[in-house]
There are 2 protein chains.
Amino acid sequence: MVTRKEVAELAGVSEATVSRVFNGVGPMKEETKQRVLEAAKTLNYHPNAIAQNFARRRSGNLGVVLPYVPKVHLFSTYFFSEILSGIGAKVKEKGYDLLLLLRSPDEESDYIDMFRSQKVDACIILGATDTPRELEQLKRLEEGGHPFCLVNQHFRGEQFNEVDADHKTGSYIAVRHLLDRGHRRVAFLNGSPQFSSSGDRLEGYRQAMREAGLLPGGMDALSPHLYYEGNYSRTSGYRAAAQIYEHRHEIDAVFAANDRMAIGLMQGLRELGWEAGRDLAVVGYDNSDAARVTDPPLTSVAVPFYEMGSLAAEKLLSRIGGDAASKGTFQVKVDTELVIRQSCGRRS
Amino acid sequence: MVTRKEVAELAGVSEATVSRVFNGVGPMKEETKQRVLEAAKTLNYHPNAIAQNFARRRSGNLGVVLPYVPKVHLFSTYFFSEILSGIGAKVKEKGYDLLLLLRSPDEESDYIDMFRSQKVDACIILGATDTPRELEQLKRLEEGGHPFCLVNQHFRGEQFNEVDADHKTGSYIAVRHLLDRGHRRVAFLNGSPQFSSSGDRLEGYRQAMREAGLLPGGMDALSPHLYYEGNYSRTSGYRAAAQIYEHRHEIDAVFAANDRMAIGLMQGLRELGWEAGRDLAVVGYDNSDAARVTDPPLTSVAVPFYEMGSLAAEKLLSRIGGDAASKGTFQVKVDTELVIRQSCGRRS
DNA sequence: TTGTACGCGTTATCAT
DNA sequence: ATGATAACGCGTACAA
């Protein structure tokens with residue numbers, strides 16, 4: 001590899017001058033600059049990124065932590081794909097590199113190692129869950145002064161950096177949509193409670209139902225035959241179909257907390273002879289690609305995952321970049337949007 | 001950050017000894033080793049990865065190049081997700097890190113820069129296309145002695161490292177499946193020709209048809225109403241539906257080169273009143289998650305993308321790791337498998 | 001405007 | 001079995 005030294009010799013200047021030219025710092029004679037650039041070109045010189053980062057005492061990497069999701073082979077979901085793309089675009093724009101960290105099932109040594117060994121300057125954590133173990137790890141990161149940002153997950157009572165979507169309102173508009181179409185007995189198929197979005201969705205559902213006067217027992221009352229819980233997998237939606245079918249005479253519509261479950265649910269109900277869009281209305285969540293290809297196409301709440309990833313990267317990098325306003329943490333909440341298809345039937 | 005020097009002082013040894021302990025090289029007294037480890041623990045010392053890589057004159061990163069795919073937001077496909085997961089697992093196992101490189105639409109400066117600046121020691125290229133521009137870039141990489149590996153793409157006449165699937169046989173078994181079920185007039189909806197797998201699939205289709213005596217005009221004859229071409233997007237499959245429907249009286253079945261097109265095709269045909277599994281048989285390719293959720297569930301050819309990624313990473317890293325058998329390039333071809341669902345009807 | 005000189009935290013070589 | 005010490009390629013304070 002050709003080094004700075006060789007360029008300096010060929011150009012007849014010192015190594016420092018070569019560095020200045022390549023970093024555009026300090027005043028320099030135009031002629032000198034040209035001479036250096038020319039020498040660099042003839043020698044095909046390219047600064048060594050590792051050495052640069054070493055000298056700058058930083059890695060130049062933004063880490064992205066992906067959760068371990070058994071069976072799903074991790075990326076197979078719309079969610080991660082979109083966020084990653086958003087992060088990738090922003091990271092590139094800012095001249096950073098993107099280091100991927102796939103968590104293992106066991107994972108005794110966790111992502112704090114990435115910081116300890118200084119492989120990353122900051123990181124974005126996807127798919128975090130509200131468990132004591134996770135929370136403790138995040139607190140350790142914070143104490144260590146390691147900049148990180150959560151995406152699509154909120155920790156109650158903590159002031160971590162985070163970019164979340166307004167899932168409460170998202171769910172509210174989904175349920176309102178069902179209510180507006182005349183459905184009264186709207187069931188809710190929620191996902192795993194360790195994700196904050198599940199709690200948010202429940203709140204949104206409750207608010208819509210309450211406003212419609214459909215929570216008779218007061219604010220907290222929730223008829224058991226209207227609340228179901230899966231784990232966001234298609235299979236769990238499929239399983240819920242059996243339970244929901246048992247209460248078919250008390251249910252007009254189902255709001256599912258994500259598309260995968262909604263799809264499993266529709267499949268399961270169809271096998272039992274109950275058709276979404278005909279016998280009941282179904283609304284999903286995420287507006288994933290799959291929502292377009294189901295039969296009937298699934299009405300769903302769109303979440304701007306791509307933008308969320310991009311936003312998280314931007315905010316985080318501007319902090320460590322030493323920009324202004326680097327004080328305190330940030331909590332961003334982006335808006336969702338209902339995309340109407342045919343799973344609620346065609347009548348207006 | 002605590003450095004090696006401090007550990008050495010606390011342990012009462014030289015810096016070199018600390019390094020030896022942490023790298024497990026050379027002989028050392030057990031007692032010394034323990035003393036060093038203890039000192040490291042009390043000080044919470046962790047070797048600086050950047051400095052290590054700098055001193056070792058390597059980056060410790062495996063680069064993964066992802067193509068620019070407009071609209072699809074890149075990761076939204078099963079294909080990349082699976083391969084990336086496979087690479088990630090292997091990379092971790094080998095103690096490397098995974099650097100993601102998302103290509104831009106314009107991309108004047110290409111991935112060769114990653115090597116020039118020595119950010120990666122090797123890289124895996126996904127979604128390469130058989131275009132003059134791409135080929136030229138790959139040749140430049142090769143000339144520069146930069147280790148790389150292609151996944152799911154073959155360049156005729158070149159001996160690049162590659163891990164591919166046997167798409168010819170995969171297509172053969174798909175078409176054979178249709179023929180075995182009694183369909184004679186099997187159409188083929190292929191994808192973009194710049195991917196080698198498209199050519200392979202065409203060969204497989206041809207062989208099966210020829211063996212069944214269904215290529216009357218000789219080896220190369222292909223009835224125009226039996227061959228269609230999309231670009232692997234759902235939309236292109238949807239568009240093909242119209243053309244195929246026009247020839248509905250000359251077609252019993254369609255083999256689509258991927259699931260996305262198959263899904264679009266089924267949607268389009270349904271809108272025209274032609275139902276897959278009832279009026280015609282359809283087989284897809286990739287066995288993506290979506291294949292399970294369509295109506296009817298889609299019979300499809302499964303490709304072990306996860307394993308392909310893992311294999312590519314393993315082979316590549318063992319080369320640069322200086323293992324034995326580092327001579328020459330490698331070309332691996334993995335097997336595919338037909339997964340039967342209901343899109344070809346239920347009759348045996 | 002440019003050069004000198006040092007430091008960054010390791011690895012690795014050569015003594016001892 | 002362990003200790004000095006020279007790289008490694010670059011950034012940068014300071015001197016000129």
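Reminder, nothing fancy here: chain letters follow the sequence lines and each chain counts from 1.
Atom CZ of B:R35 and atom C1' of D:dA1 are 12 Å apart (whole Å). Between B:M28 atom CE and D:dG3 atom P the separation is 13 Å, expressed in whole Å. At whole-Å resolution of the value, CG in B:N53 and P in C:dA12 are 12 Å apart. Atom NZ in B:K29 sits about 14 Å away from atom C1' in D:dG3, given to the nearest Å. For the pair B:E30 CD and D:dA1 P, the interatomic distance rounds to 11 Å; values are reported in whole Å.
With values rounded to the nearest 0.5 angstrom, B:C123 atom SG is found 10.0 Å from B:I112 atom CD1.
The side chain of B:T17 contributes no N or O atom lying less than 4.0 Å from OP1 or OP2 of D:dT2.
Minimum heavy-atom separation, A:V334 to A:M308: CG2-CG, 3.6 Å. The shortest non-hydrogen separation linking A:E158 to A:K139 is OE2-CE, 3.3 Å.
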**OP:** Let me have a per-nucleotide readout for nucleotides 4-16 of chain D, 5' to 3', with B, S or -, counting only protein heavy atoms under 4.0 Å.
**Re:** B---BBBBBB---
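With hydrogens and angles left out, the side-chain atoms of A:D121 and A:S59 include a donor and acceptor closer than 3.5 Å.
Between B:E314 and B:K92, no side-chain nitrogen of the basic residue sits less than 4.0 Å from a carboxylate oxygen of the acidic one, so the salt-bridge criterion is not met.
Within the structure, every pair that satisfies the side-chain hydrogen bond (donor to acceptor under 3.5 Å, both in side chains) test and touches residues 7-19 of chain A, not counting sequence neighbours, is listed here: A:R4-A:E15, A:R4-A:S19, A:S14-A:T17.
Residue A:V18 is classed as having no contact, given no heavy-atom separation below 4.0 Å to the nucleic acid.
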